[in-house]
Novice: 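The structure that follows is given in the form of structure tokens.
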Amino acid sequence: MMKTWVLAMAMTVGLATLCGSKVAEAVQIGALSTDCKASGFDRGHRAYQFVATCAGRAMSPDGRYAIVQRAYRDHQPPIELQTAGGRVVARLPELSDDMPFVVLWSPDSRRIAVNHHVGSFMDDLRLFEIVGNKVVPRSALIVAAKHLAVQRFRCLSPGAVLPNAARWSADGHRLMIVTVSSLYACSDTAKAGDWWPLWMIGDVRTGRIDPASIRIDKADGPLREPRDTLYRGF
């Protein structure tokens with residue numbers, strides 16, 4: 001059997017809060033739970049969980065902006081980037097699909113990483129940068145992470161690789177990522193060793209992955225963030 005951590009991805013509760021923790025204690029967000037008590041920031045205030053139908057407001061570290069979801073029942077209003085005073089700066093249609101998602105603001109409040117639930121207990125990474133009064137999608141680092149996973153495990157296709165954000169560097173330029181895939185991403189007879197999750201650190205500005213940061217996650221159970229010197233100092 002491939003890794004049992006695949007089922008842990010049913011908990012979209014921010015990969016930053018899951019790594020190295022007991023995921024069984026989390027609410028099954030990926031199963032479209034609408035328990036509004038599951039929404040909000042994690043204990044480290046690094047990741048904000050949005051739950052379908054529930055109001056949510058993820059403030060940026062500098063307090064200038066917020067990602068906002070209004071409460072709803074049948075039809076989801078657009079997900080918005082607002083100023084602290086409530087003025088709408090931009091709408092994010094990529095996130096407005098009734099799926100839960102987790103927002104990780106960069107410490108400098110310039111960039112936003114989103115682990116967006118896409119079904120089948122899986123999340124996909126979206127990256128945005130605030131430029132002036134616009135929210136600009138940034139995909140170079142995501143493409144690079146997918147390419148690296150496919151190069152390492154030839155049975156995977158780019159569409160089968162789902163990068164997830166774990167945490168930002170203190171300067172807000174680099175992002176720790178782990179690549180995940182469905183249990184049978186390679187075939188119906190996939191087995192352990194056909195592919196593994198890859199941890200890596202990349203620069204959002206250039207889209208470049210640091211080759212020295214690449215780690216294979218072969219641990220049983222939940223994903224485990226590497227704890228060597230490079231990652232401890234991240």
Novice: Taking salt bridge (Lys or Arg N to Asp or Glu O under 4.0 Å) as the test, write out the residues that go with Asp97, two or more places apart.
Specialist: none

Novice: Any side-chain heavy atom of Ile130 sitting closer than 4.5 Å to one from Leu81?
Specialist: yes

Novice: Residues two or more places apart in sequence or in another chain: which of them pass side chain to side chain contact (heavy atoms under 4.5 Å, CB included) with Phe41?
Specialist: His45, Tyr48, Ala58

Novice: I'd like to check the side chain to side chain contact (heavy atoms under 4.5 Å, CB included) partners of Arg73; sequence neighbours left out, ordered by chain and number.
Specialist: none

Novice: My understanding is that only residues two or more places apart in sequence, or in another chain, count here; which of them pass salt bridge (Lys or Arg N to Asp or Glu O under 4.0 Å) with Arg91?
Specialist: Glu80

Novice: Are Asp124 and Leu162 packed together at the side-chain level, in the sense that at least one heavy-atom pair is separated by less than 4.5 angstrom?
Specialist: yes

Novice: Please identify each residue that fulfils salt bridge (Lys or Arg N to Asp or Glu O under 4.0 Å) with Arg57, with sequence neighbours left out.
Specialist: none

Novice: With disulfide bond (SG atoms under 2.5 Å apart) as the rule and sequence neighbours excluded, what pairs involving residues 53-92 come up?
Specialist: Cys36-Cys54

Novice: Show which side-chain atoms of residues 141-153 pair as donor or acceptor with protein atoms under 3.5 Å away, not counting sequence neighbours.
Specialist:
unit_1 : atom_1 : unit_2 : atom_2 : d
Lys146 : NZ     : Pro158 : O      : 3.2
Lys146 : NZ     : Val161 : O      : 2.7
Gln151 : OE1    : Arg154 : NH1    : 3.4

Novice: Tell me every residue that passes side chain to side chain contact (heavy atoms under 4.5 Å, CB included) with Pro226, counting only those two or more places apart in sequence or in another chain.
Specialist: Trp199, Arg215, Asp228, Tyr231

Novice: Suppose we screen for side chain to side chain contact (heavy atoms under 4.5 Å, CB included). Which residues come up paired with Thr206, at least two apart in sequence or across chains?
Specialist: Asp203, Arg208

Novice: With ILVMFWY side chains joined below 4.5 Å, transitively, what does Val136's cluster contain besides itself?
Specialist: Val131

Novice: Mind checking salt bridge (Lys or Arg N to Asp or Glu O under 4.0 Å) for Glu129 and listing every partner two or more places apart, or none if nothing turns up?
Specialist: Arg110, Arg111, Arg138

Novice: Just wondering, do Leu198 and Asp217 contact through their side chains at under 4.5 Å, heavy atoms?
Specialist: no

Novice: Is the closest side-chain heavy-atom distance between Phe50 and Val103 below 4.5 Å?
Specialist: yes

Novice: For Tyr72 and Thr53, indicate whether the former's side chain and the latter's backbone hold a donor-acceptor pair under 3.5 Å.
Specialist: yes

Novice: Would you please name every residue forming a side-chain hydrogen bond (donor to acceptor under 3.5 Å, both in side chains) with Tyr184, sequence neighbours left out?
Specialist: none

